[in-house]
Visitor: 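After the structure tokens below, expect a handful of questions from me.
Letters A, B, ... mirror the listed sequences (proteins, then strands); counts begin at 1. What you are looking at is a predicted structure, and each value in this text was computed from that prediction instead of being measured. Keep in mind that the numbers below use all heavy atoms, side chains included, and drop hydrogens, waters and symmetry copies.
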Amino acid sequence: MNPEPTTLLQGTLDLLILKSLVAGELHGLGISRRVQQITSGTFLVKPGSLFPALHRMEEEGWISSFWGDSENNRRAKYYRLTKAGRKQLEAETKRWGRISWAIAQALEAS
Amino acid sequence: MPFLFKVRSFLRNLFLSRRAEVDLDREVHSHLEMLAEENLRAGMSPEEARRAARIELGGVEQVKEQVREERIGNWLHSVLADCRFALRQLRKFPAFTVIAVLTLALGIGANTALYTVVESVLLRPLPYAHSDRLMYIAPKTEKEQFSNTSWLNYRDIRDQSKSFAAVGLYASDVAVVESKEGALSVNAPRISTNTFSILGIQPLMGRTFTETEGQRGTAPVVLLSEGLWRQSFHADPEIVGRSIRVSGVVRAVVGVMPQTMRFPEESGPDIQKAVWLPLQPSPEMMKERGYNLFSIVGQLQPGVGQAQAQAELDTIAQRIRHDNANLTNSDFGFRATPYRELLTGPVRPVLFALLGALGLVLLIACANVANLLIARCMGRQQEFAVRAALGAGRMRLMRQLLAEGAVLSVLGSGVGLLLAKLALEGVRKLPEGTIPRGESIAIHWTLIVAVALIATLTTLLSSLLPAFVVARTDPQAGLQAAARSVGARSVRGKIAGLLVAAEVALSTVLLIGTGLLFHTLWNLQHAPLGFAVERVSGFTAMPEDAAGFTGMAVSESTASAPVSVATLVYAPVLERMRHTPGVESAALNTAPPLSGMDLHSDFKIVGQSEDPSNKQSARVTAVSGDYARTLGTPVVRGRMVGDDDSATSPNVVAINESLAKKYFGDKNPLQQQIIVGGKETGTEKPFTIVGVLTNQVDSNVGGVPDPLIYLPYQQVPTTSLYYQALLKTLVSFVVKTRGEVAIAPAMRAVFHETAPNLALDNFKTMQELVDENIFDQKLGLYLTGAFAGLAVLMVMAGLYGVLAQLVSYRRHEIGIRMALGATRQSVARMVLRQGAILIALGLGAGVMLALATGQLVSSFLYDVRPTDLWTYVAVSMSLLAIGLLASLVPANKAASIDPMQALRED
């Protein structure tokens, strides 16, 4: 929702995290790997940026967390999308579409 | 930056609870282990796997720190955004903002100012060493604030007590100080030499008294106050060692005490221009346990409580009773009270009552702002609904409103502080002595804390309710246009209405208080005084060799009684005064009404058996002829004593109605004989009662005057204590003039010619004395009146606001009603009825509250009951009128709605 262009990258990360959670709940490492997978390895989300983003988004109410068991029976914190998160994803997706379209236009024009 | 670091760590503690910390730690560690497992599965050795995982993670602590930073940053960001948004909102509605800020500023400003007074007067310690351990020790039976006891009692407490580190003795007294400026009568407390070390005050120059100076026969010495030293001795730097005349005695100045020395504090502002004399026990003092002229202060030993000291005092009192069989008083004993508590005792309830009243005003202010915010919320219903629908959390919306409240409170506090400063300037302009310790009133750092607390309180009170209302917003209903036209039946309308009703209730309480005080003041101004105030003035005169109340002694040689100063000095002075142009009559009286002069004495009625447990006592005053005529006081029976009653004619007295009623009942007091005092005071000869005078008000207007005996001034035996106490210390003159003129210049001229050695002071008209006497009630009335006025203004604004909002949100509905045939009158009536219901609700609650709290004000009232019916009726009627007035505009607005237009809008 923030119009400042400097948040573009952060917005991108948020968008990718939200997108990665559409299919279902994931723990931190799962999100990291899923993002890597859906961007064909373009984005490698380091824990140093992943965790702050997760906590911020949780506070915004887009995702919620709970403790569960991992595939290897390890306790891990899982995240899932909330209703607000889904709305946010929609809005962000639209916004991203507009931006990328605009940038593509701009690049073509020159 | 250590400061910022501190702020951060503070915030971290605030926003990351322990549980969250543990949670974060577990999360990061589990992430690390999962990474390692992944690496292990990829075929790394266990050691290598862990190492690679740690590299990818980038350090557990670093990750945790980044999360924390994110949270704090996010919080700060959103708080700042909230405040910015709030400011933008407030700028958009300048009228709302100005009203809200002013409302809060008035409430906060008044409270801040009063808090400063309370803090300075009641809470701040006295400027003496260990002032919290300073106790005043008084006889148990006396009800007076600073009641006196005798030197013998002091000696026993001093010698036997172990709870007190030191016990000091003092007595209030007066003296005449001569300087190049002339003779000046000043306060001259006699004070035991150890009192200075108890108070821990160092002299400005010179020294305090030595122990030997507290014994008889040592060279006379005196300590000057800084004020007197500056005024009468031009701040002479060489003053120490010089000799000055104090009441006819040449005394060496040993030191000058700084302004902070205002002991005894109960003397009031005059103490700033005082001299202190060493208290030297005289033979009379050491003989008589009933010689009650002295005050005892004691400094508690560290760690000793008031109860412990009291228990010890009880034991000492018991021992004294045991050793003195002639002590008839069965409840003889002592009571220790903290000195400061005693000093501020009389104003304590007043200040707390005012603080209570102002608290009500602040509550009303908060209610008003809350109402304004709620009204705004109704206008912003759609905005909130949209934001809620877009996923804004309830907390987020509530925080937004809290931010608005906080911004308003901060602005209000700023303006309020300015108002408080103005109010304190006003407090400083009050006559000196209105508030004890008034000179110490200043803004201290604790004020910042107080304002911060008040601002927090106003923020919470004014925005929490709107915030909860918003939190309950149902976005669906909000988004439906129909919901916008809900009227008083909606939750918000109800809450706003209840708030207004509460405001009405609170201002009812304040108005009833004002009404009762107004009634009291009216009664006081019309209370019988027993004298006429018109064109009567008074002043005091003190002989240069004034004996002082503590220096009195019965003359041993009765053979050669000296000629009275009454005949030698006062009679010729009075004669000259009467012949001064413009003077109608003049008289002397040692204790005229409202002068504060007071001498009580036991007396016996000749021929009546004595009852030791119920002694007869009365105030005693010496008067010249013409006194009753000068003050216009009617003689009820017999005649007034006069100038013909000379030292050689038969002894006669006049009494007041109180004495006649109390001690003679239905009997005729005329020609009865009384003995005033007795052998130990040097007056054994009986006086015959020849007249009864109408009661004159004595210490306070509206009070019941004490029994009083008028002695002809020439008949006071010159060998008695009364002679020194009445005629040789401080006498008052009353003068009735032909026109409204100031008497001081003419009177000073008279004395200059006939008696140049008398110090003249306290020139005041009788009207001034009466006004001063009822000043407290007047001040109380003005203050509560001002508060009530403030409250009423706020109620009007609140009521108007709520009704106006109501009308604008029911436009649609009103339009329909009118289209269906409702008349304009009925629409206006509907709005007025709404207002009347709110007022009636508030009035009912307010009257109940006032009835419940009425006892609190009863001590300020005169001749009015706290449940005075007329006050209640008048307040109810005027509040109803005020309420209807505030409802008229919205009612008119509702009545002038054009139905076609209103219906087309939606």
Visitor: Is the shortest distance from a Lys or Arg side-chain nitrogen in B/E33 or A/R74 to a carboxylate oxygen in the other one below 4.0 Å?
Guide: yes
Visitor: Does the side chain of B/S30 come within less than 4.5 Å of A/R75's, by heavy atoms?
Guide: no
Visitor: Is it the case that over 12 heavy atoms from other parts of the model lie below 6.0 angstrom from the CD atom of A/Q37?
Guide: yes
Visitor: Taking the side chain as every heavy atom from C-beta outward, state whether B/M34 and A/S70 have any pair of such atoms under 4.5 Å apart.
Guide: yes
Visitor: Just wondering, do B/E38 and A/R33 contact through their side chains at under 4.5 Å, heavy atoms?
Guide: yes
Visitor: Based on non-hydrogen pairs under 4.5 Å, which of B/V28, B/D23, B/V63 is most in contact with chain A?
Guide: B/D23
Visitor: Given heavy-atom pairs under 4.5 angstrom as the criterion, report whether the side chain, backbone, both or neither of B/L35 touches chain A.
Guide: both
Visitor: Please find the pair of heavy atoms, one from A/P52 and one from B/V67, that lie closest to each other, and give the distance.
Guide: N-CG2, 3.6 Å
Visitor: Quick check: do B/K64 and A/F51 have side-chain heavy atoms less than 4.5 Å from each other?
Guide: no
Visitor: Counting C-beta onward and ignoring hydrogens, is there a side-chain heavy-atom pair between A/H55 and B/E27 closer than 4.5 Å?
Guide: yes
Visitor: Is B/E56 in contact with chain A via its backbone, its side chain, both, or neither, using a 4.5 Å heavy-atom distance?
Guide: both
Visitor: Which one wins on heavy-atom pair count under 4.5 Å against chain B: A/A53, A/S65, A/S49, A/G48?
Guide: A/G48
